[in-house]
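Structure, as structure tokens:
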Amino acid sequence: MNKIFFIGFIAVSLLTANVKAQVAMPAASPTQTIIQDFGMGRIELTYSRPGIKGRQLFGEKSELAPYGKPWRTGANAATRIRFTDKVAIGGKTLDSGRYVIYTIPAAGQWDVVFSKGTTYPGQDGFKESDDVVRVKAPAATMDVSLETFTILFSNVKNESCDLQLAWGNTAVSVPITTNIKDRIRTQLEAALKGDKKPYQQAAGYYYEYEKNYPKALENINKAIAENPKAYYMYLTKARIQKDMGDKAAAKASAQKTVELAKEGKNDDYVIFGNELLKNL
């Protein structure tokens with residue numbers, strides 16, 4: 001009995017020691033996933049973020065991203081990117097799908113490659129034959145220095161954004177565009193022939209995308225006729241009239257925004273209306 005107890009004690013002790021040996025530690029190059037709504041779809045990007053840690057960053061003898069050689073644009077594996085809708089980069093169209101990003105750093109300018117070689121772990125699997133898009137992007141010098149490699153989407157607009165890569169005091173930016181106006185216009189024109197007409201959406205489209213202010217005003221007036229207490233629509237109307245150069249009408253619409261927003265107890269639109277009045 002004592003022998004069985006001793007063997008069991010040893011087994012439990014070994015198991016406990018093994019469990020204690022598995023110490024949780026943070027990743028040396030933590031992974032980050034970015035999801036950016038863009039156009040009528042979204043962009044998903046996953047990469048690992050190495051730190052400089054006192055090493056030479058760029059240059060011929062760099063330990064991290066040497067000049068003239070394909071780099072996986074991060075640590076551990078090539079940076080992965082997925083588009084849910086087609087986009088254009090460098091004048092070339094990328095269909096929706098998954099790609100990896102390789103870069104070839106150089107002084108003053110980088111090659112940025114969107115590759116279909118998604119099965120490779122890193123630069124060891126890089127093949128030019130897998131290039132889908134390759135663009136040359138200027139490498140700018142920043143006033144600050146980033147210890148950790150950083151990717152982000154900036155200047156995000158309806159049909160354009162910038163993919164930015166930054167490390168040390170170097171920043172590289174790649175413009176991405178998409179064309180959604182034609183699809184929105186087609187949908188709106190069809191919907192405006194139906195029973196429930198999207199006048200407010202039509203006004204927003206003609207105002208924001210096409211800068212067709214008379215058509216935007218026509219549609220926002222029809223939307224207001226259906227919902228005369230909609231203070232947010234009066235604010236849109238005021239902005240359209242302001243951009244048309246009709247300050248007197250814009251002022252009247254902004255005042256109506258404030259009046260109805262107070263009725264509706266919406267302080268935000270009271271502020272918006274008063275700000276527009278100040279600008280007028």
Determine, step by step, whether Thr141 and Thr170 satisfy the side chain to side chain contact (heavy atoms under 4.5 Å, CB included) criterion, reporting the C-alpha distance in whole Å, the side-chain angles of both residues, the deciding distance to 0.1 Å, and the verdict. CA-CA 5 Å; Thr141 301; Thr170 298; 5.8 Å; no
side-chain hydrogen bond (donor to acceptor under 3.5 Å, both in side chains) between Gln241 and Ser253: does it pass, once the steps are laid out? CA-CA 9 Å; Gln241 290 166 324; Ser253 296; 2.7 Å; yes
Start with the C-alpha gap between Glu275 and Lys278, add the side-chain angles, then the distance that decides, and say whether salt bridge (Lys or Arg N to Asp or Glu O under 4.0 Å) holds. CA-CA 5 Å; Glu275 283 178 349; Lys278 287 178 185 177; over 6 Å; no
Side chain to side chain contact (heavy atoms under 4.5 Å, CB included), that's the test. Do Leu45 and Leu163 meet it? Break it down for me. CA-CA 10 Å; Leu45 185 142; Leu163 173 65; 4.0 Å; yes
Stepwise, does the salt bridge (Lys or Arg N to Asp or Glu O under 4.0 Å) test hold for Glu263 with Lys265? CA-CA 5 Å; Glu263 267 184 48; Lys265 297 181 180 179; over 6 Å; no
Side chain to side chain contact (heavy atoms under 4.5 Å, CB included) between Leu277 and Lys251, intermediate numbers included: CA-CA 6 Å; Leu277 285 168; Lys251 183 177 179 181; 3.6 Å; yes
Begin from the C-alpha positions of Thr103 and Thr73 and carry the test side-chain hydrogen bond (donor to acceptor under 3.5 Å, both in side chains) through to its verdict. CA-CA 6 Å; Thr103 46; Thr73 321; 3.0 Å; yes
Using the salt bridge (Lys or Arg N to Asp or Glu O under 4.0 Å) rule, take Asp131 and Arg134 through it: C-alpha gap first, then chi angles, then the decisive distance, then the call. CA-CA 7 Å; Asp131 288 10; Arg134 179 185 289 236; 2.9 Å; yes
Starting from the C-alpha separation in whole Å, work towards a yes-or-no answer on side chain to side chain contact (heavy atoms under 4.5 Å, CB included) for Arg49 and Ser29. CA-CA 5 Å; Arg49 307 184 63 189; Ser29 300; 5.7 Å; no
Can you check side-chain hydrogen bond (donor to acceptor under 3.5 Å, both in side chains) on Glu159 and Thr178, steps first, answer last? CA-CA 5 Å; Glu159 294 188 294; Thr178 186; over 6 Å; no
Given salt bridge (Lys or Arg N to Asp or Glu O under 4.0 Å), test Lys222 with Glu218 step by step and report yes or no. CA-CA 7 Å; Lys222 289 178 179 178; Glu218 175 189 340; 3.3 Å; yes
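How far CG of Asn155 is from SG of Cys161: 9.0 Å, rounded to the nearest 0.5 Å. The distance from the CD atom of Glu226 to the CG atom of Asn221 is 12.0 Å, given to the nearest 0.5 Å. Rounding to the nearest 0.5 Å places NZ of Lys215 at 13.5 Å from CD1 of Ile240. One distance of note links OH of Tyr213 with CZ of Arg239; it measures 12.5 Å at 0.5 Å rounding. Here Lys136 contributes atom NZ and Gln109 contributes atom CD; the two are 5.5 Å apart, rounded to the nearest 0.5 Å. Taken from OG1 in Thr257 to CE in Met233, the straight-line distance is 11.5 Å, to the nearest 0.5 Å.
Ser62 places a side-chain N or O within 3.5 Å of a backbone atom of Gln56 that can act as its donor or acceptor partner.
Aromatic pair Phe149/Trp71: centroids less than 6.0 angstrom apart. Aromatic pair Phe58/Trp110: centroids less than 6.0 angstrom apart.
Looking only at side-chain heavy atoms (C-beta outward), Ile43 and Ile81 come within less than 4.5 Å of each other. Proximity of Phe38 to Val87: side-chain heavy atoms (C-beta onward) are separated by under 4.5 Å at one or more points. Using a 4.5 Å heavy-atom cutoff, the side chains of Val156 and Gln36 are in contact. At least one side-chain heavy atom of Lys237 sits less than 4.5 Å from a side-chain heavy atom of Leu217. Residues Glu210 and Arg185 are in side-chain contact: their nearest non-hydrogen atoms beyond the backbone lie under 4.5 Å apart. Using a 4.5 Å heavy-atom cutoff, the side chains of Arg80 and Arg98 are not in contact. By the 4.5 Å heavy-atom criterion applied to side chains, Val132 and Leu94 are counted as neighbours. Residues Thr31 and Tyr47 fail the side-chain proximity criterion, which asks for heavy atoms closer than 4.5 Å.
When the shell of 6.0 Å around CD of Gln201 is examined, it contains 12 or fewer heavy atoms from other residues, nucleotides or ligands. Applying the 6.0 Å contact sphere to NZ of Lys197 captures more than 12 heavy atoms from other residues, nucleotides or ligands. Summarising the local packing, NZ of Lys211 is surrounded by more than 12 heavy atoms from other residues, nucleotides or ligands at distances under 6.0 Å.
Aromatic ring orientation, Tyr269 versus Phe272: perpendicular (interplanar angle above 60°, classes split at 30° and 60°).
Residues Ile52 and Met142 do not share a hydrophobic cluster, defined by chaining ILVMFWY side chains whose heavy atoms lie under 4.5 Å apart. Tracing side-chain contacts under 4.5 Å through hydrophobic residues (I, L, V, M, F, W, Y), one reaches Val174 starting from Ile34; they form part of the same cluster. Grouping the Ile, Leu, Val, Met, Phe, Trp and Tyr side chains by contacts below 4.5 angstrom, directly or via other members, places Tyr207 with Leu280. Under a hydrophobic-cluster definition in which Ile, Leu, Val, Met, Phe, Trp and Tyr are linked whenever side-chain heavy atoms come within less than 4.5 Å, directly or via other members, Met244 and Tyr234 are assigned to the same cluster. Residues Leu57 and Tyr67 share a hydrophobic cluster, clusters being chains of Ile/Leu/Val/Met/Phe/Trp/Tyr side chains in contact below 4.5 Å.
In the hydrophobic clustering, where aliphatic and aromatic side chains (Ile, Leu, Val, Met, Phe, Trp, Tyr) are joined below 4.5 Å either directly or transitively, Leu192 groups with Tyr199.
Taking all atoms of both residues into account, the shortest heavy-atom contact from Pro105 to Lys69 is CD-O, 3.6 Å. The shortest heavy-atom contact between Val135 and Val133 is CG1-CG1, 3.9 Å. Looking at every heavy atom in both residues, Phe114 comes nearest to Val112 through CE1-CG1, 4.0 Å. Contact record, Glu147 with Lys53: OE2-N, 2.8 Å, taken as the closest heavy-atom pair. When all heavy atoms of Asp162 and Pro175 are compared, the closest pair comes out as OD1-CA, 3.5 Å. Smallest separation of non-hydrogen atoms from Pro70 and Phe126: CG-CD2, 3.5 Å.
In summary, the side chains of Tyr206 and Asn219 do not present any donor paired with an acceptor at a separation below 3.5 Å, with no hydrogens or angles considered. For the 3.5 Å distance criterion, the side chains of Thr46 and Thr33 qualify, holding a donor opposite an acceptor. At a cut-off of 3.5 Å, with distance as the only test, no side-chain donor of Tyr205 or Asn212 sits close to an acceptor on the other residue.
None of Thr150, Leu64, Ile151, Val172 except one satisfies the side chain to side chain contact (heavy atoms under 4.5 Å, CB included) rule with Trp167; the exception is Leu64.
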